[in-house]
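Just below is one structure, and these are the notes that go with it.
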Amino acid sequence: IPFLDPMQETMLEYELSSRIAEVSIADKPKIGVMAGVNLQGGAGNPMMGQRMSPPWVIYQQMQQNFELVDIPMEQPEIDPEEIKVLFLFHPAGISPATEFAIDQYLLKGGTVVACLDSYSVAAQMAGGGNPMMGTGAATTSTLPRLLKAWGVEFESGLTLAAPVHATQLSDNRTGLAVLSLPQEATPQKDSVITRDHESVILFFPGGFTRTEACNFVYESL
């Protein structure tokens, strides 16, 4: 590590562990990426007034330590021996067959990180949900069959609103569904993800609930 930022002192353990893992693992673990929006960026279409867009930051960060395998939304089977983690990002319009494939992947020992959205601003900016354009993903995403089988519900047609954490928008409106959470409102005080943030802004967040069929332990991040 050529330089350690004193401002990032709390990240020292993570930085050391990350560097050790980089030099001790001959082959990078494979992470499958199944996304309903374009995380890789692209050249754009000048004829349509579209400019070149860079890859999302999270995609660039994962590329540093993992081999990313882009998996189509219609993938019939996912091998946990090959794909160590499946990163499922805004799976708008996912088919029942693909949900079944993901369920089988989990049952065989795979790991899934699922990012669902009650209203994706990124999809909306890309033209999502506009049948006249014929492009982009829908602005809502969920896994209705898979979540039900694992005892979880996610109502993709609703967003959370909290007046106490509402955000004051630039046009003097109050965004009841745009939440500004101070550090004390984040549940994991020792999480490396949130502990150094003074606040976190959530745009149109959704909410998960457990059902009676839920028989596993979960933690809120």
Side-chain angles (χ1 to χ4, degrees), residues 27-42 53 55-56 58-63 65-160 203-221:
D27 298 319
K28 291 183 178 181
K30 291 183 179 181
I31 290 185
V33 179
M34 183 183 293
V37 294
N38 182 16
L39 301 180
Q40 303 178 51
S53 59
W56 287 38
I58 189 172
Y59 196 89
Q60 297 179 54
Q61 291 289 322
M62 290 194 300
Q63 279 183 316
N65 298 314
F66 305 100
E67 179 182 346
L68 302 187
V69 180
D70 293 303
I71 299 178
M73 201 75 75
E74 301 79 20
Q75 185 76 4
E77 186 177 358
I78 306 169
D79 185 4
E81 294 295 326
E82 178 184 6
I83 303 298
K84 300 305 179 184
V85 177
L86 176 63
F87 182 61
L88 193 60
F89 192 90
H90 190 53
I94 192 170
S95 68
T98 305
E99 282 192 83
F100 179 77
I102 297 173
D103 184 55
Q104 295 302 301
Y105 168 77
L106 282 167
L107 294 174
K108 293 176 183 177
T111 299
V112 173
V113 177
C115 301
L116 310 180
D117 213 325
S118 59
Y119 188 89
S120 171
V121 176
Q124 186 270 333
M125 293 177 64
N130 189 341
M132 300 300 292
M133 295 293 293
T135 58
T139 54
T140 62
S141 59
T142 186
L143 300 167
R145 303 160 192 85
L146 182 64
L147 293 181
K148 182 178 180 181
W150 288 82
V152 180
E153 288 183 349
F154 178 76
E155 180 55 67
S156 62
L158 300 175
T159 62
L160 296 178
F203 284 82
F204 309 110
F208 293 90
T209 56
R210 300 177 64 178
T211 68
E212 294 181 358
C214 182
N215 56 5
F216 59 89
V217 177
Y218 76 97
E219 293 183 359
S220 300
L221 295 179

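Source: prediction; values computed, not measured.
At least one side-chain heavy atom of Asp70 sits under 4.5 Å from a side-chain heavy atom of Gln40. Side-chain atoms of Val113 and Val85, non-hydrogen and from C-beta on, do get closer than 4.5 Å to each other. A 4.5 Å side-chain heavy-atom check between Val37 and Phe89 finds at least one atom pair inside the cut-off. Side-chain contact check for Leu39 versus Val33: some heavy-atom pair is nearer than 4.5 Å. The shortest distance between side-chain heavy atoms of Leu143 and Pro91 falls below 4.5 Å.
Between the Tyr105 side chain and the Ile83 main chain, a donor and an acceptor come within less than 3.5 Å of each other. Checked by atom type and distance alone, the side chain of Glu77 never pairs as donor or acceptor with a backbone atom of Ala101 at under 3.5 Å. Using modelled atom types, no side-chain atom of Thr111 and backbone atom of Leu86 make a donor-acceptor pair closer than 3.5 Å. Judged by distance alone, with hydrogens and angles left aside, the side-chain atoms of Thr139 form no donor-acceptor pair with the main-chain N or O of Ala123 at under 3.5 Å. Distance alone, capped at 3.5 Å, is enough to place a donor-acceptor pair between the His90 side chain and the Ala138 backbone.
Considering every non-hydrogen atom in both Ser141 and Ala92, the closest pair reads CB-N, 3.7 Å. Between Glu67 and Lys28, the shortest heavy-atom distance links the atoms N-CB, 3.7 Å. Here the closest non-hydrogen pair linking Ile102 and Leu88 is CD1-CD2, 3.8 Å. Heavy-atom minimum distance, Met34 versus Pro72: CE-O, 3.5 Å. What you find for Asp117 and Phe204 is that their closest heavy atoms are OD1-O, 4.1 Å.
More than 12 non-hydrogen atoms from other residues, nucleotides or ligands lie less than 6.0 angstrom from OH of Tyr59.
Applying the side-chain contact (heavy atoms from CB on, under 4.5 Å) criterion to Ile58, with sequence neighbours excluded, gives Trp56, Phe87. The side-chain hydrogen bond (donor to acceptor under 3.5 Å, both in side chains) check on Gln61 picks up nothing, with sequence neighbours excluded. In terms of the side-chain contact (heavy atoms from CB on, under 4.5 Å) criterion, residue partners of Thr209 (sequence neighbours excluded) are, by chain and number, Glu153. In this structure Ser120 satisfies the side-chain hydrogen bond (donor to acceptor under 3.5 Å, both in side chains) test with no other residue, sequence neighbours excluded.
A distance of 8.5 Å separates OG1 in Thr140 from CZ in Phe154, rounded to the nearest 0.5 Å. Between the CE atom in Met73 and the OG1 atom in Thr98 there is a gap of 8.0 Å [rounded to 0.5 Å].
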- request: Go through the steps for Phe208 and Leu116 under the test side chain to side chain contact (heavy atoms under 4.5 Å, CB included), then give the verdict.
  value: CA-CA 10 Å; Phe208 293 90; Leu116 310 180; 4.0 Å; yes

- request: Could you walk me through whether Phe66 and Leu68 pass side chain to side chain contact (heavy atoms under 4.5 Å, CB included), step by step?
  value: CA-CA 6 Å; Phe66 305 100; Leu68 302 187; 4.3 Å; yes

task: Check the pair Leu147, Thr142 against side chain to side chain contact (heavy atoms under 4.5 Å, CB included), reporting the backbone distance first and the verdict last.
output: CA-CA 8 Å; Leu147 293 181; Thr142 186; 3.9 Å; yes

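Every pair passing salt bridge (charged side-chain N to carboxylate O under 4.0 Å, His left out) that includes a residue from residues 89-105 is listed here, sequence neighbours excluded: Glu99-Arg145. Among pairs with a residue in residues 80-89, those fulfilling salt bridge (charged side-chain N to carboxylate O under 4.0 Å, His left out) read Lys30-Glu82, at least two apart in sequence or across chains.
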